[in-house]
Trainee: 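What follows is a single structure, and I will ask about it in a moment.
Just so it is clear: chains get the letters A, B, ... in the order the sequence lines come, proteins before strands, and each one is counted from 1.
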Number of protein chains: 2
Amino acid sequence: MTESPTQRRRERERAERRQLIVDSARELAEAEGWDAVTTRRLADTIEYSQPVLYSHFANRAAIVDAVVVEGAAELASTLRAARAGTEDDAATAVAQAYLDFAAAHPALYDAIFTMPSGLPFGTPDAPPALQDAFGELRLAFAPSARGTEAEVLTEVVWSALHGLASLVRSGRLRPDLHDARLTRLLALVKSRS
Amino acid sequence: MTESPTQRRRERERAERRQLIVDSARELAEAEGWDAVTTRRLADTIEYSQPVLYSHFANRAAIVDAVVVEGAAELASTLRAARAGTEDDAATAVAQAYLDFAAAHPALYDAIFTMPSGLPFGTPDAPPALQDAFGELRLAFAPSARGTEAEVLTEVVWSALHGLASLVRSGRLRPDLHDARLTRLLALVKSRS
DNA sequence: TTCGCTGTCTAGCGCTGCTAGAATCCAGTC
DNA sequence: GACTGGATTCTAGCAGCGCTAGACAGCGAA
């Protein structure tokens with residue numbers, strides 16, 4: 001059952017091509033929006049025909065999901081770095097990093113947190129990357145709380161951050177008050193009962 | 001230039017058909033999701049051919065926008081009723097009403113606050129219905145504040161509510177802690193600095 | 001009755017996600 | 001070195017999408 005060198009090369013090439021698909025999808029989405037991420041354009045980009053995509057992913061949604069998982073891992077490590085980079089005010093640093101991430105990668109953020117997705121989120125079988133990202137938020141916003149209380153508080157603050165990010169992103173909040181809103185939110189959280 | 005009875009009948013019938021299109025779009029979206037709201041299915045529902053839709057609306061997006069404006073008016077009056085129906089705790093009543101509205105009309109809520117829309121939001125030329133809804137939130141959450149402060153506080157609370165509503169709606173927050181999250185959020189707002 | 005306009009429909013374009021079946025390529029065997 | 005079987009990739013096509021050009025019908029005015 002041991003694999004031949006040829007098999008190994010094939011598998012490596014397959015993995016590389018899979019990654020190329022995911023990267024292309026993400027780049028194309030960031031450059032022209034998710035509507036531009038069609039199977040034909042993806043196929044053109046990777047220089048293979050359409051059906052090859054379907055030998056790596058069940059359907060278009062599965063490609064988006066792969067981008068989401070990759071993006072969530074990136075978000076988690078961004079938040080971790082922000083928390084590690086400050087002495088005291090972890091909440092502010094992480095909140096700021098969260099909103100910066102959303103602003104820097106709008107299409108990616110949309111895919112992770114706004115677009116419909118079949119990916120499990122709140123459950124134990126959610127992708128580890130998603131659990132990591134949420135764990136970082138909990139460490140920043142509810143370091144002293146335990147159990148359900150920590151969970152609830154984190155979810156509330158996360159919801160507020162997500163609301164800010166997504167409403168600004170979709171043009172439903174005026175951008176000029178963005179900083180003032182974040183400051184106000186953090187004031188609410190810090191003076192918490 | 002005065003219109004004949006025939007013209008009047010025609011105009012009335014056109015207005016009725018327009019309303020029928022908007023109602024059908026909303027019902028279909030609520031029943032099967034916005035993906036099911038295709039021009040062909042809409043045409044079937046109103047028992048006219050596809051091109052008739054385009055004599056009322058520039059494109060499919062304009063039909064969705066019409067549903068949004070109608071829905072926003074409904075939301076505004078729902079919030080107004082909630083605020084009028086309580087003696088003291090307007091914030092709780094309005095927040096509860098907001099989340100109830102989102103839960104009762106998920107597709108409508110998505111269209112108003114999540115889906116991409118060309119409609120102006122934060123500006124003075126936003127549809128009156130949208131301004132009304134936001135005004136209700138301000139009356140509930142920042143009754144004592146003035147100017148920018150009222151604006152910012154309202155936007156922060158609205159963002160939090162929208163975050164809760166949309167993350168639950170898309171399956172990214174566990175539904176069982178929904179009430180606990182709202183309670184926690186209101187506690188933060190009330191003990192505000 | 002005829003003319004012309006308004007309103008509506010049929011048919012079709014270029015696009016989408018996705019797939020069946022043909023064609024090709026290549027590793028392993030005689 | 002030619003052959004064969006299986007994996008791999010491609011061409012071509014389906015049904016459905018938003019949208020529209022051009023044909024056609026029906027009705028009011030002259």
Side-chain angles (χ1 to χ4, degrees), chain A residues 1-22 24-26 28-29 32-68 107 111 115-118, chain B residues 1-22 24-25 28-29 31-68 107 111 115-118:
Chain A
M1 256 319 189
T2 170
E3 50 187 9
S4 75
T6 304
Q7 280 177 318
R8 246 176 297 160
R9 175 181 54 82
R10 288 241 174 134
E11 277 178 32
R12 195 184 58 238
E13 285 171 353
R14 263 194 77 79
E16 282 168 6
R17 195 171 59 179
R18 193 198 130 99
Q19 191 59 45
L20 181 58
I21 294 171
V22 175
S24 303
R26 175 170 166 180
L28 194 48
E32 304 182 35
W34 281 107
D35 282 353
V37 183
T38 70
T39 56
R40 279 174 180 79
R41 289 201 58 179
L42 273 183
D44 281 355
T45 304
I46 66 169
E47 297 181 305
Y48 281 91
S49 66
Q50 273 178 294
V52 167
L53 298 174
Y54 293 86
S55 76
H56 289 276
F57 300 95
N59 47 39
R60 183 185 178 281
I63 300 177
V64 179
D65 284 349
V67 175
V68 165
M115 288 164 42
S117 166
Chain B
M1 253 324 186
T2 169
E3 48 188 9
S4 73
T6 304
Q7 279 177 319
R8 246 176 297 159
R9 174 181 54 81
R10 289 244 174 127
E11 276 178 33
R12 195 184 59 237
E13 285 172 354
R14 262 193 77 78
E16 282 168 6
R17 195 170 59 179
R18 193 198 129 100
Q19 192 57 45
L20 181 58
I21 294 171
V22 176
S24 303
L28 193 48
E32 305 182 35
W34 282 105
D35 282 352
V37 183
T38 71
T39 56
R40 281 172 178 81
R41 289 201 59 178
L42 273 183
D44 281 355
T45 304
I46 66 168
E47 297 181 306
Y48 281 91
S49 65
Q50 271 179 297
V52 167
L53 299 174
Y54 293 87
S55 76
H56 289 277
F57 299 95
N59 47 41
R60 182 186 179 280
I63 300 177
V64 179
D65 283 349
V67 175
V68 165
M115 287 164 42
S117 165

Trainee: For the side chain of B:R10, counting heavy atoms from C-beta on, which of C:dG7, C:dT10, D:dT9 is nearest?
Mentor: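 Within the option list, the nearest is C:dG7.
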Trainee: Does B:T39 put a side-chain nitrogen or oxygen below 4.0 Å from OP1 or OP2 of D:dG18?
Mentor: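 The answer is yes; a side-chain N or O of B:T39 sits under 4.0 Å from OP1 or OP2.
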Trainee: Starting from P on C:dT6, measure out to CZ on B:R14 and report it in whole angstrom.
Mentor: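 Nearest whole value for this atom pair: 13 Å.
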Trainee: Under the salt bridge (charged side-chain N to carboxylate O under 4.0 Å, His left out) test, which residues partner A:E47, sequence neighbours left out?
Mentor: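 By the salt bridge (charged side-chain N to carboxylate O under 4.0 Å, His left out) rule, A:E47 matches no residue at all.
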Trainee: With heavy-atom distances below 4.5 Å as the criterion, would you say the side chains of B:D65 and B:F57 are in contact?
Mentor: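 Not in contact.
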Trainee: So which atom in B:A29 and which in B:A107 form the shortest heavy-atom distance, rounded to 0.1 Å?
Mentor: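 Minimum heavy-atom separation between B:A29 and B:A107: O-CB, 3.5 Å.
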Trainee: Taking the minimum atom-to-atom distance to the side chain of A:R60, which one of C:dC18, D:dT11, C:dT10 wins?
Mentor: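 Within the option list, the nearest is C:dC18.
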Trainee: Under a 3.5 Å distance rule, please check whether A:R17 uses its side chain to pair with a backbone N or O of A:I46 as donor and acceptor.
Mentor: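 Pair absent, no side-chain N/O of A:R17 close to backbone of A:I46.
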Trainee: Assess the residue pair A:Y48 and A:L20 against the criterion (side-chain contact (heavy atoms from CB on, under 4.5 Å)); give the C-alpha distance rounded to whole Å, side-chain angles, the decisive distance to 0.1 Å, and a yes or no.
Mentor: CA-CA 11 Å; A:Y48 281 91; A:L20 181 58; over 6 Å; no
Trainee: Describe the nucleic acid contact of B:R41 in one word from base, sugar-phosphate, nothing, applying a heavy-atom distance below 4.0 Å.
Mentor: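 The answer is nothing, as B:R41 stays clear of every strand by at least 4.0 Å.
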Trainee: In sequence, state the C-alpha distance, the side-chain angles, and the governing distance for B:L42 and B:R60, and then conclude on side-chain contact (heavy atoms from CB on, under 4.5 Å).
Mentor: CA-CA 10 Å; B:L42 273 183; B:R60 182 186 179 280; over 6 Å; no
Trainee: Counting only side-chain heavy atoms from C-beta out, which of C:dT19, D:dT20, D:dT9 sits nearest to B:P51?
Mentor: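 Closest nucleotide to the B:P51 side chain: D:dT20.
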Trainee: Pairs under 3.5 angstrom, nitrogen or oxygen only, protein versus nucleotides 12-15 of chain C, please.
Mentor:
none

Trainee: Provide, to the nearest angstrom, the distance between the CG atom belonging to B:D44 and the P atom belonging to C:dT10.
Mentor: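 Distance check: B:D44 CG to C:dT10 P gives 11 Å.
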